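Taking it in order: structure first as structure tokens, then the write-up.
This structure is a prediction, so every number in the text was calculated from the model and none was measured. Quick note on labels: first sequence line is chain A, next is B, and so on, each numbered from 1. Heavy-atom basis, side chains included; hydrogens, waters and symmetry copies ignored.
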Amino acid sequence: MIAVHGLRLRAGAFALEGISFEVPSRGYAVLMGRTGSGKTTLLEAICGLNRPAAGSIRLTGREVTGLPPAERDIGYVPQDRALFTTMSVYENLAFALSVRRWTKTQIDRRVGELANLLNIRPLLGRMPQGLSGGESQRVALGRALAARPSVLLLDEPLSALDDQSRGEMHALLKSVREQTDVTTLHVTHHVDDAEQLADQVLMIENGKIRETQSKPYEDHREIPRPGETSVRHNL
Amino acid sequence: MMPLARDTEQSTQRHVASDVPFVCALAVVGGLYVLLILAMLLADVAFLAPGHGSADIIRHPLNALSGTLANALAPLRTPEIRYALKLSLISCTVTAILSVYVAVPMGYLLSRFHFPLKGLMDAVLDIPIVLPPLVIGLSLLILFQTPAGRFVQRFIPVTYCVPSVILAQFAVACAFAVRTMRVTFDQLNPRTEQVALTLGCNRFQAFWRIALPEARRGVLTAGTLAWARALGEFGPILVFSGATRMRTEVLPTSVFLELSVGNIEAAVAVSLLMVIAAVVVLLIVRVAGSETSFGRAVRP
């Protein structure tokens with residue numbers, strides 16, 4: 001669950017005032033707004049990368065407003081992906097796990113699961129520099145999901161992709177949602193993303209936020225394809 | 001004659017002046033400077049060639065070059081110059097390592113954090129760059145004559161001893177290394193470190209695991225720059241360390257000492273020795289750098 005209450009944020013010339021909303025557990029909220037409306041600023045505040053002037057942020061029932069990003073149990077995919085260029089794809093996926101001192105065997109297994117989920121197994125040995133837009137987006141998503149966060153924060157994850165890759169990513173995000181228990185907040189300015197993915201749409205306008213569409217969460221899990229049962233269990 | 005249709009087609013096209021003059025101007029301006037550098041070095045080489053001034057250099061360039069090399073290495077026969085070379089190489093390396101150790105955290109601090117008096121700190125860091133090196137030497141000399149300086153010298157003799165050489169080099173060279181590291185960190189995307197924070201790192205881990213590896217080439221550049229700067233340091237060392245043979249004499253001091261007694265051949269020979277030492281070290285660093293950070297960064 002993501003619960004934001006009475007948040008006030010300053011970012012350069014503008015300020016966000018009285019931002020309150022709630023995304024239920026396992027929900028998928030799409031946050032829309034024009035360029036420069038403060039979407040990224042709000043997302044960064046939930047990540048703990050900038051400090052709100054007032055208000056509170058609760059993630060899965062825990063007050064995190066004053067906590068550093070590392071203690072918030074989140075996965076964050078920034079707009080520019082920001083893959084670690086000195087590390088291979090495998091090391092990018094393993095990063096959160098090695099920080100948490102998982103053993104080599106545990107890391108191997110988890111990276112394997114992520115590679116299957118995101119269909120990036122052939123990329124594991126590559127460096128991020130040579131990846132296509134869609135590929136690096138998958139790696140960034142895998143890196144964010146590696147430590148099984150309870151909240152996933154996506155900043156314009158599909159903005160730089162061609163139509164075909166967007167379609168693939170929509171499908172991928174849906175399957176991630178089906179196979180994990182993560183609560184997602186997805187920032188975008190594409191109506192298409194909201195239509196495809198959201199069960200809750202938030203609009204940010206003139207420093208305020210309003211909810212435009214809300215539907216109860218439907219569990220549209222499909223019958224798992226062969227070989228995926230164990231993966232879902234682990235995720 | 002061109003067909004009429006083609007003429008009308010062309011008349012609607014916009015004509016843009018050729019890029020050739022611009023590119024030529026760039027090449028000429030840049031080329032002149034490169035020529036000046038090469039001409040200086042060539043003049044040194046020609047000066048040391050056996051029987052310089054004669055037409056032999058042109059007739060037997062290879063012989064002349066090996067003769068030059070032999071003449072450039074000739075000063076190494078004297079123990080004083082051997083000592084100066086050794087002291088130069090050791091003190092420059094120590095200075096470069098110290099500078100990197102200071103410059104990396106300092107550059108990171110200036111690039112990533114906002115704090116009170118940051119502007120002042122930034123301005124102070126420019127002092128060693130803009131101040132005449134001689135003044136730095138004099139200031140160091142005076143500093144170590146103050147009560148605090150004398151107290152330190154009771155345990156470690158500095159003035160007119162080897163530590164003063166390193167300190168004089170460090171005082172100037174480190175400022176260049178700090179500038180280099182700051183620019184390096186400024187050019188790195190802070191977003192990767194932020195992502196590392198969300199993935200469970202504290203700021204030190206994000207710095208150590210993400211920013212520092214990404215800055216590896218900058219670290220190498222900062223170290224090389226400090227090393228080269230230290231090799232050429234002369235004024236502060238002369239004032240702060242003196243020019244005692246077999247004690248505080250570094251290669252620039254040797255050039256100065258030889259020049260002051262009118263021994264131009266030896267001065268040029270030592271200069272070429274410095275050129276050779278600098279080129280060898282730069283090559284080593286470049287090759288080592290290309291095999292680690294650079295090679296990794298461009299690997300497909």
**Study point:** Asp73(A), part contacting chain B, at a heavy-atom distance under 4.5 Å
**Key:** neither
Review point. Any salt bridge between Glu113(A) and Arg148(A), counting N to O under 4.0 Å?
Key: yes
Exercise for review: Below 4.5 Å from any heavy atom of chain A, which atoms of Ala196(B) appear? Answer side chain, backbone, both or neither.
Suggested key: both
**Study point:** Leading residue by heavy atom contact count with chain B [cutoff under 4.5 Å; candidates Ser98(A), Cys47(A), Gly75(A)]
**Key:** Ser98(A)
Review point. Any chance NE2 of His170(A) has more than 12 other-residue heavy atoms, nucleotides or ligands included, within less than 6.0 Å?
Key: yes
**Study point:** Proximal component of Ile74(A), with respect to chain B [non-hydrogen, under 4.5 Å]
**Key:** both
Review point. Does any heavy atom of chain B fall under 4.5 Å from the side chain of Leu131(A), the backbone, both, or neither of them?
Key: neither
Point to revise | Interface residues of residues 177-191 of chain B facing chain A - non-hydrogen atoms under 4.5 Å apart | key: Asn189(B), Arg191(B)
Exercise for review: Name the region of Ala140(A), side chain, backbone, both or neither, that has any atom closer than 4.5 Å to a heavy atom of chain B.
Suggested key: neither
Exercise for review: Could you tell me how the ring of Phe204(B) sits relative to the ring of Phe207(B): parallel (under 30°), tilted (30 to 60°) or perpendicular (over 60°)?
Suggested key: tilted
Practice item. Measure Arg209(B) against the heavy atoms of chain A and call it side chain, backbone, both or neither at under 4.5 Å. Key: both
Check your understanding: Are Asp108(A) and Lys104(A) ion-paired here, with the side-chain N under 4.0 Å from a carboxylate O?
Key -> yes
Point to revise | Donor-acceptor contact present, side-chain Ser111(B) to main-chain Tyr108(B), <3.5 Å | key: no
**Study point:** Heavy-atom side-chain proximity of Leu141(A) to Leu173(A) below 4.5 angstrom
**Key:** yes
**Study point:** Side-chain ion pair, Asp199(A) and Arg26(A), N-O less than 4.0 Å
**Key:** no
Check your understanding: Is the count of non-hydrogen atoms from other residues, nucleotides or ligands lying under 6.0 Å from Ile156(B) atom CD1 greater than 12?
Key -> no
Review point. Looking at Phe95(A), does the NZ or CZ of Arg143(A) lie under 6.0 angstrom from its six-membered ring centre and within 45 degrees of the ring axis?
Key: no
Check your understanding: Between Glu168(A) and Arg138(A), is the closest basic N to carboxylate O distance under 4.0 Å?
Key -> yes
Practice item. Among the options Glu44(A), Gln79(A), Arg72(A), Arg81(A), pick out the one with the most heavy-atom pairs lying under 4.5 Å from chain B. Key: Glu44(A)
